[in-house]
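Here is how names work: the chains are called A, B, and so on, in the same order as the sequence lines, proteins then strands, and each is numbered from 1. What you see is a predicted model; the values in this text were computed from it and never measured.
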Amino acid sequence: MKIASWNVNSLNVRLPHLLQWLERAQPDVVALQETKLEDARFPDTALAEAGYRSVCSGQKTYNGVAILARGRAIEDVQAGIPGFADEQKRVIAATVGGVRIVDLYVVNGQAVGSEKYDYKLRWLAALRDWLAEEIARHPRMVVLGDFNIAPDDRDVHDPALWNDESILTSTAERAALRRLLDLGLHDSYRLFHDEGGAFSWWDYRQAAFRRNLGLRIDLVLVSEALRASCKAVAIDHEPRIWERASDHTPVWVELVPV
DNA sequence: ATGGTGGCATGGCCA
């Protein structure tokens, strides 16, 4: 089962790219972020014609997440973090093919010390507490999405610029990510690759993609129970090359029965 | 360099 994550930065704009990528990559499950669409406007018909069922939790203009699945039911759907009041649509979870899929659009945080940064840390703390319960209920779990945190210096193009006081790489953000991993989750990319310089997001400004000035902030975490099933991972750069691209590119993991 | 680019409630916001 091939499970992918992609921050599309507006599904209105990127639906043609998504359809093209589904055809090209043939994923079984796709977690989307930044759909920026109310649920009533979600393109479920176009996706169904492409062979994918979908569930979504969205809003106008900002945020918005969705899970797509091909050939399997999408069951036990949960939107948001239970008990954490939040108008921002950043979480959707569902069970597909016996795997709990938790799709995240983690708070960006804007700047270290800002109100949005405080919200990011509170949000991550609530997420951690919920995932602790969720992984107990569903040992076969994949937590994926736009984490808006680069795990370590290998995951940034310039560690001097993206340092322990910078947003997306600060000490507190990385510690919050560590607390998620400590639940028994593994960064699937690092099960296969040790080197740096592999990124999933490049700023639209300053020709960052052409110069490979990026960060690896889109992650697929797999639970310990799924670790041995993890057969392959990839960051697919192709859609970032396309005209009018999202600033993020898809990442995926292939799980096989063991 | 306090900019730059892109998306959307097209006017500031968010990333």
Side-chain angles (χ1 to χ4, degrees), chain A residues 5-21 30-43 46-47 56-66 80 85-92 103-124 127 144-151 155-158 160-163 165-170 172-174 176-177 199-219 235 237-251:
Chain A
S5 174
W6 193 6
N7 180 326
V8 292
N9 186 19
S10 169
L11 192 51
N12 262 335
V13 172
R14 232 67 67 189
L15 180 60
H17 282 198
L18 176 60
L19 293 171
Q20 189 173 342
W21 188 74
V30 185
L32 300 175
Q33 305 87 37
E34 285 205 89
T35 54
K36 301 186 176 180
L37 280 175
E38 288 182 307
D39 292 352
R41 300 194 57 212
F42 193 84
L47 289 165
C56 59
S57 178
Q59 63 188 95
K60 268 191 227 177
T61 311
Y62 303 119
N63 310 310
V65 285
D86 192 356
E87 293 183 1
Q88 302 190 18
K89 307 300 189 186
R90 298 181 172 278
V91 177
I92 191 165
D103 176 17
L104 306 178
Y105 174 47
V106 175
V107 178
N108 174 286
Q110 191 176 51
V112 174
S114 67
E115 282 185 21
K116 292 190 178 102
Y117 184 75
D118 291 340
Y119 164 54
K120 181 176 195 171
L121 297 180
R122 284 189 287 106
W123 190 95
L124 285 163
L127 175 72
L144 75 175
D146 176 358
F147 281 70
N148 269 318
I149 302 169
D155 303 310
V156 306
H157 65 87
D158 182 351
L161 184 64
W162 298 93
N163 58 53
E165 297 178 352
S166 309
I167 195 65
L168 312 187
T169 54
S170 71
E173 289 167 90
R174 284 175 164 169
L177 177 59
F199 308 129
S200 66
W201 170 83
W202 301 260
D203 199 297
Y204 283 122
R205 294 165 283 194
Q206 301 176 319
F209 180 63
R210 182 175 58 72
R211 301 158 67 202
N212 198 29
L213 306 180
L215 304 180
R216 192 174 68 91
I217 55 177
D218 298 273
L219 309 177
I235 303 173
H237 288 184
E238 178 71 19
R240 189 63 178 80
I241 297 167
W242 296 342
E243 190 177 349
R244 209 179 181 191
S246 170
D247 45 350
H248 297 252
T249 210
V251 299

Please tabulate the protein-to-nucleotide N/O contacts below 3.5 Å involving nucleotides 1-6 of chain B, giving atom names and distances.
unit_1: B/dA1; atom_1: N6; unit_2: A/Gln206; atom_2: NE2; d: 3.1

* To do: Start with the C-alpha gap between A/Asp103 and A/Gln33, add the side-chain angles, then the distance that decides, and say whether side-chain contact (heavy atoms from CB on, under 4.5 Å) holds.
  => CA-CA 8 Å; A/Asp103 176 17; A/Gln33 305 87 37; 2.8 Å; yes
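- Using atom C1' as the reference point in both B/dC14 and B/dA9, the two lie 13 Å apart (nearest Å).
- What separates CG of A/Asp247 from C1' of B/dG7 is a distance of 10 Å, to the nearest Å.
- Side-chain contact between A/Val251 and A/Leu219 is absent, with no heavy-atom pair separated by less than 4.5 Å.
- The nearest whole Å value for the distance from the NZ atom in A/Lys120 to the P atom in B/dC14 is 15 Å.
- Comparing the C1' positions of B/dG6 and B/dG11 gives an interatomic distance of 15 Å, to the nearest angstrom.
- Atom CD in A/Glu115 sits roughly 15 Å away from atom C1' in B/dC13 (whole-Å rounding).
- Around atom NZ of A/Lys120, more than 12 heavy atoms belonging to other residues, nucleotides or ligands sit under 6.0 Å away.
- No contact: A/Phe209 has no heavy atom under 4.0 Å from any strand.
- Between A/Leu37 atom CG and B/dC8 atom P the separation is 8 Å, expressed in whole Å.
- Taking atom NZ on A/Lys89 and atom P on B/dC8, their separation rounds to 19 Å, with Å as the unit.
- Across B/dA15 and B/dG3, the matching C1' atoms stand 16 Å from one another, rounded to whole Å.
- When rounded to the nearest whole Å, the span between CG of A/Leu11 and C1' of B/dG7 equals 13 Å.
- Between A/Asn148 and A/Lys60, it is A/Lys60 whose nearest contact on DNA chain B lies nearer the 5' terminus.
- Between the side chains of A/Trp201 and A/Asn7, not a single donor N or O lies within less than 3.5 Å of an accepting N or O.
- The separation between A/Leu215 atom CG and B/dA15 atom C1' is 12 Å, rounded to whole Å.
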Output one line per pair: protein atom, nucleotide atom from nucleotides 10-12 of chain B, and distance, for all N/O pairs under 3.5 Å.
none

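- Tested against A/Arg216, the residues A/Ile149, A/Val156, A/Asp155 include a single side chain to side chain contact (heavy atoms under 4.5 Å, CB included) partner, A/Asp155.
- Put simply, the side chain of A/Pro250 reaches to within 4.5 Å of the side chain of A/Pro239, judged on heavy atoms.
- Taking CZ from A/Arg240 and NE2 from A/His17, the interatomic distance works out to 10.5 Å, rounded to the nearest 0.5 Å.
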TODO: Could you walk me through whether A/Trp21 and A/Val8 pass side-chain contact (heavy atoms from CB on, under 4.5 Å), step by step?
DONE: CA-CA 11 Å; A/Trp21 188 74; A/Val8 292; over 6 Å; no
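- Look at CZ on A/Arg41: it is 7 Å from P on B/dA9, rounded to the nearest Å.
- A/Arg205 meets the salt bridge (Lys or Arg N to Asp or Glu O under 4.0 Å) test with A/Asp203; sequence neighbours excluded.
- Inter-residue side-chain proximity for A/Phe147 and A/Ile217 is flagged as unmet; no heavy-atom pair is nearer than 4.5 Å.
- Counting any heavy atom pair closer than 4.0 Å across all strands shown, A/Arg90 reaches sugar-phosphate atoms only and no base atom.
- Taking atom C1' on both nucleotides, B/dC13 is separated from B/dA1 by 23 Å, rounded to a whole Å.
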